[in-house]
There are 2 protein chains.
Amino acid sequence: MLAQERRNRLLELIRARSFAALPELADVLGVSESTIRRDVEQLEDQGAARRIHGGVLYAGASPKIPHFDASQSARWKEKKAIAQRSAPLVEDGETVILDGGSTTYEVARLLVGRSLHVVTNSLPVANLFAADASSDLVLIGGNICPRTGNTQGPLADKMLASLRVQKTILSVAGIKEEGFFNNNLLLVQTEQAMMRAADEVIVVADSSKFGRQSLAHLCALGAVDYLVSDSGMDQAWQAKVRAAGMHLVLAEPVVEGT
Amino acid sequence: MLAQERRNRLLELIRARSFAALPELADVLGVSESTIRRDVEQLEDQGAARRIHGGVLYAGASPKIPHFDASQSARWKEKKAIAQRSAPLVEDGETVILDGGSTTYEVARLLVGRSLHVVTNSLPVANLFAADASSDLVLIGGNICPRTGNTQGPLADKMLASLRVQKTILSVAGIKEEGFFNNNLLLVQTEQAMMRAADEVIVVADSSKFGRQSLAHLCALGAVDYLVSDSGMDQAWQAKVRAAGMHLVLAEPVVEGT
DNA sequence: CAGTATTTGATTAAAAACAGTCATAATCAT
DNA sequence: ATGATTATGACTGTTTTTAATCAAATACTG
């Protein structure tokens, strides 16, 4: 199929240059700018590229952070909007635990440059903060899950038991009336340790997560203080979340970032 | 001086994000877009940033392996040759601790794809193995040193105390008759914990390290089992090393068609 | 082969970013 | 202090990019 082949070449071009302007790409590939624009849009949905005014950035985020988690792709705009509402929940000078996951990764990106103490079990998140002089970074040790790039397991739990933070920001894979779920038993245990270490727990989850079951039960709805989602969230679920005593923050995934 | 300070923060922001839009930068720094535009122009003249329509790209270093340690470049051929002699010292199926540092990083690159259990305190090394399906990866937690990307401190030491491995591969900053030295006290403590966890200790150090003092004493010469260096090593030092009971491996930094 | 679906490229108005200019404010040296 | 120098922020018209629309071309299906 020609179109797919072109998209592969396109991504290759973008990766090689790390940034490319749309007119240039249209020229090299011999198609119209409109087509490039559509292709790029698709690549962005897959999380492979990042669209900016005037061109495209390679977002496979350098060969360094390889496609950790294929779901990076889906609901990118919602996740970005959620991140923008979540970041202000953390205040300068605070200590915060950042879980792995594509939504928390977006939050992390917005926190770079702030004056914070960051604790994380996520390799991609750690890479964001490692070179940032304005924040301290503590890495949670343990076994790395190759698929997600997160540490987990008993070593991680043990280290978390000796920490104390103001806020924990968690990702989840599903939310039902019974509570929050994730798809990895070891990870859930580590996340529970993160919750125990924090005064306040913030969960970030786009609206597709509601009503979705997953393997391992993380905690009851009431155990979370803040829930940040997007406006596509069901009315009934909004009521349930509020009834469970959570502060609900809804992001509007309309506009792209500032 | 306010202006210069702002430019530093500006570059820091750009580096952390790798791309930033002008309006965003103006907002964060609390100055007008015109000023940002002028600052960025200056940064571009210095080669620190790259201007594109709609924003700025960070141009410093390779986006691939971010500026961890400027000495990355120095003695590159020697380090690579040392790595090539060191990698075979580890056998498939073994558990090995990899220290941070540019030489051990080269060793790590050669170990990717091997069937190993890898334990490391180095973020760059962890990134190498994170996506590698053929090896297990355990990350040592703790505080990240922003300059080197290594974890260190009491949390790291504690985690290492509960581990047991066949081999530890260490970097050092200096070697004197009194033993091995590194330039960071916390790191040295963590490295001592690494040594305690291992049956055999391998030190990789290019020949410029001999006779060089550094801040913190790591261990005596006799505490190390293998020393891998390059053929530029002084004859007298070769004798001393052998007298201390170490296995000495000398790499030939051959000039190849790289 | 006809009909439908998808992909493509041109065209448009609207939005964003650009370079340049100028007056004001801050800083510095005398 | 004072005058000169520089840094800053607002404003302008111009250029570029964008999103959206639509008709033509291409590929699929029964």
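No experiment lies behind these values; they were computed from the predicted model shown. Just so it is clear: chains get the letters A, B, ... in the order the sequence lines come, proteins before strands, and each one is counted from 1.
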Distance check needed: D/dT17 C1' versus A/L25 CG, whole Å only.
14 Å

Can you tell me how far P of D/dA10 sits from CD1 of B/I36, to the nearest Å?
13 Å

Regarding A/N127 and B/N127, do their side chains bring together a donor and an acceptor under 3.5 Å, going by distance alone?
yes

Could you encode protein contacts along nucleotides 15-23 of chain C as a string, one character per nucleotide from 5' to 3', using B for base contact, S for sugar-phosphate-only contact and - for no contact, with a heavy-atom cut-off of under 4.0 Å?
-SSSS----

Note: A/E33-A/R37 ion pair, threshold 4.0 Å (strictly below)
yes

Shortest non-hydrogen contact from A/S214 to A/A173?
OG-CB, 3.8 Å

Check this one for me: any side-chain N or O of A/S32 less than 4.0 Å away from OP1 or OP2 of C/dA10?
no

Side chains of A/N182 and A/E191: any donor to acceptor distance under 3.5 Å?
yes

Rounded distance in Å - CG (B/D39) to C1' (D/dT8)
10 Å

Tell me yes or no: between the side chains of A/S207 and A/D230, is some donor less than 3.5 Å from an acceptor?
yes

Tell me, please, which residues at least two apart from A/H117 pass ring-ring contact (aromatic ring centres under 6.0 Å, His included).
none

Atom CD of A/E41 and atom P of D/dT17 are separated, to the nearest Å, by 18 Å

